[in-house]
Amino acid sequence: MGRGDLSDAEWERLRPFLPVSNRRCGRWRDHRQVIDGILHRVRTGVQWRDLPERFGPWKTVYERHRLWSADGTWERLLQQVQAAADAAGETDWDISVDSTIVRAHQHAAGAHRPTAGPRLKGGRKPRTPGRDAVAEPGRPPGGGGAGGEGLGRSRGGFTSKLHLSADGRCRPLSLIVTPGQRADCTQFKPVLEKIRVPRPGLGRPRKKPDSQAARIRKGSRGGRPPGFDEIRYKKRNTVERAINRLKQFRAVATRYDKRGYVYLGTATAAALTIWLRT
């Protein structure tokens, strides 16, 4: 086992939730080998072509990451691991929300834009829709481009902003990627709404933090306390420590992915690793 690879215990926690079929042509290549390759790239920020040979063909590793980022597999895996931790009473539902700026490398620019006509620039035919039809998510409003891929302009160049919520143990619960200049207040509600921790058996996913203690303290007054809560404010460090944990992964701290959904998958894979190792 190489440095940064999944341990046997971590693999056993993740294995039950992995997809069995790739929905196209049978079974996947060995999940553990490919996931270790993805996590190696997320941890080190190495170019896909430079992945060590022990992870298998680099293109297989990249395509698995791209596809799972597009179809929501990384998010579902994160939610399932969160659900297992919640069922075991290991989740602290004292939630904090914040964001962090991420510098985009020059390799993150230049994502392909779709064309309306039947041919691309230079007369080339468009790629066959088979694989891309599965992998490509719906494009954001505005026709794509830098803004649609979560890239924003600043004095230092392209930046992205990673908005997240974290539990009381400094672990990411939900993640959203926007251009770097996007205000935090615009994403506060979407970040909270994206928290979806499935419950064992039947029932809706859990989406709300603990509120019983706050209701007891407020009694019949209801509403939000008008004063400054010093004790609550001291707990702000939990989300800041969660951000610090995420940025230990170099492919999260610096964005190399051209497509916004792929970078979100990279950050989600890092968050999944944090949950598996705490």
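Just so you know, residue 1 is the first one in the sequence shown, and it goes up from there.
- One finds the CG atom of Leu192 at 12.5 Å from the NE2 atom of His163 (value rounded to the nearest 0.5 Å).
- For the pair Arg153 and Phe158, the distance from NZ or CZ to the six-membered ring centre is under 6.0 Å and the angle to the ring normal is within 45 degrees.
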Could you walk me through whether Phe55 and Asp5 satisfy the side chain to side chain contact (heavy atoms under 4.5 Å, CB included) test, starting with their C-alpha distance in whole Å, then the side-chain angles of each, then the deciding distance to 0.1 Å, before giving a yes or no? CA-CA 10 Å; Phe55 298 122; Asp5 291 355; 3.9 Å; yes
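- Annotation: the span from Thr44 atom OG1 to His40 atom NE2 amounts to 4.0 Å, rounded to 0.5 Å.
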Do Leu246 and Leu164 pass the side chain to side chain contact (heavy atoms under 4.5 Å, CB included) test, and can you show the C-alpha distance, the side-chain angles, and the key distance before you say yes or no? CA-CA 10 Å; Leu246 278 174; Leu164 70 150; 3.9 Å; yes
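- Checking each of Thr266, Leu264, Leu151 against Val177 for a side-chain contact (heavy atoms from CB on, under 4.5 Å) leaves exactly one that passes, namely Leu264.
- The two atoms that bring Arg3 and Arg43 nearest to each other are NH1-NH1, 2.8 Å, heavy atoms only.
- Side-chain rings of Trp48 and His65 approach one another, their centers coming within less than 6.0 Å.
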Please walk me through it: do Leu51 and Tyr62 pass side chain to side chain contact (heavy atoms under 4.5 Å, CB included)? CA-CA 10 Å; Leu51 280 175; Tyr62 165 72; over 6 Å; no
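- Once rounded to the nearest 0.5 Å, the distance linking OG1 of Thr73 with CG of Leu78 reads 12.5 Å.
- Remark: Asp8 engages Arg32 in a salt bridge, criterion side-chain N to carboxylate O under 4.0 Å.
- Contact between Trp74 and Gly265 at its shortest, heavy atoms only, is CD1-O, 3.9 Å.
- Between Ala269 and Val42, the shortest heavy-atom contact is CB-CG2, 4.5 Å.
- Taking the six-membered ring for Trp and the full ring otherwise, the centers of Tyr256 and His107 sit at least 6.0 Å from each other.
- Salt bridge annotation for Lys258-Glu149: absent, with no cationic side-chain nitrogen under 4.0 angstrom from a carboxylate oxygen.
- Between Ile274 and Pro172 there is a side-chain heavy-atom pair separated by less than 4.5 Å.
- For the pair Gln187 and Lys161, the minimum side-chain heavy-atom distance is 4.5 Å or more.
- In Gln181, the CD atom is crowded: over 12 heavy atoms of neighbouring residues, nucleotides or ligands sit closer than 6.0 Å.
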As a quick check of understanding, evaluate side-chain hydrogen bond (donor to acceptor under 3.5 Å, both in side chains) for Ser96 and Lys235, giving each step before the final call. CA-CA 8 Å; Ser96 303; Lys235 294 185 178 181; over 6 Å; no
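- To the nearest 0.5 Å, the span separating CD on Gln79 from CZ on Arg206 amounts to 15.0 Å.
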Would Arg15 and Glu12 count as a salt bridge (charged side-chain N to carboxylate O under 4.0 Å, His left out) here? Give the steps. CA-CA 5 Å; Arg15 184 175 56 84; Glu12 289 303 319; 2.8 Å; yes
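- One finds no salt bridge joining Glu63 and Lys59 here, because no Lys/Arg side-chain nitrogen approaches an Asp/Glu carboxylate oxygen to under 4.0 Å.
- Thr178 places a side-chain heavy atom less than 4.5 Å from the side chain of Ile176.
- Contact record, Val191 with Ser174: O-OG, 2.8 Å, taken as the closest heavy-atom pair.
- Residues Trp275 and Asp167 are in side-chain contact: their nearest non-hydrogen atoms beyond the backbone lie under 4.5 Å apart.
- Remark: Ile243 CD1 to Leu162 CG distance equals 7.5 Å, nearest 0.5 Å.
- The backbone N or O of Leu6 lies less than 3.5 Å from a partner atom in the side chain of Asp36, making a donor-acceptor pair.
- Inter-residue side-chain proximity for Arg54 and Gln33 is flagged as unmet; no heavy-atom pair is nearer than 4.5 Å.
- Taking CG from Leu39 and CG from Leu272, the interatomic distance works out to 7.5 Å, rounded to the nearest 0.5 Å.
- Within the 4.5 Å cutoff, the side chain of Tyr263 has heavy atoms near those of the Val252 side chain.
- The minimum heavy-atom distance linking Thr91 with Arg171 is given by the pair CA-NH2, 3.6 Å.
- Within a 6.0 Å radius of CZ in Arg76, other residues, nucleotides and ligands contribute more than 12 heavy atoms.
- Side-chain contact between Val197 and Pro205 is absent, with no heavy atoms from C-beta onward closer than 4.5 Å.
- Using a cut-off of 4.0 Å between Lys/Arg side-chain N and Asp/Glu carboxylate O, Glu75 and Lys194 are scored as salt-bridged.
- Remark: Arg41 fails to qualify as a cation-pi partner of Trp58 under the 6.0 Å distance and 45° angle criteria applied to the six-membered ring.
- A cation-pi arrangement is present between Arg64 and Trp68, with the terminal nitrogen or guanidinium carbon under 6.0 Å from the aromatic centre and inside a 45° cone about the axis.
- When all heavy atoms of Val239 and Val97 are compared, the pair lying nearest together is CG2-C, 4.1 Å.
- Side-chain contact between Trp11 and Leu18 is present, with at least one heavy-atom pair separated by less than 4.5 Å.
- Put simply, the side chain of Arg199 never gets that close to the backbone of Ala83: no donor and acceptor are under 3.5 Å apart.
- When only modelled atom types and interatomic distance are considered, Arg241 and Thr238 share no side-chain donor-acceptor pair under 3.5 Å.
- Side-chain N or O atoms of Thr186 include one that pairs as donor or acceptor with a backbone N or O of Ala183 at under 3.5 Å.
- Taking a 6.0 Å sphere around CZ of Phe17, one finds it holds more than 12 heavy atoms contributed by other residues, nucleotides or ligands.
- Checking Arg255 against Ser160 by side-chain atom types alone, a donor-acceptor pair falls below 3.5 Å.
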Going through the checks in order, is the side chain to side chain contact (heavy atoms under 4.5 Å, CB included) test met by Gln82 and Asp86? CA-CA 6 Å; Gln82 290 171 343; Asp86 188 41; over 6 Å; no
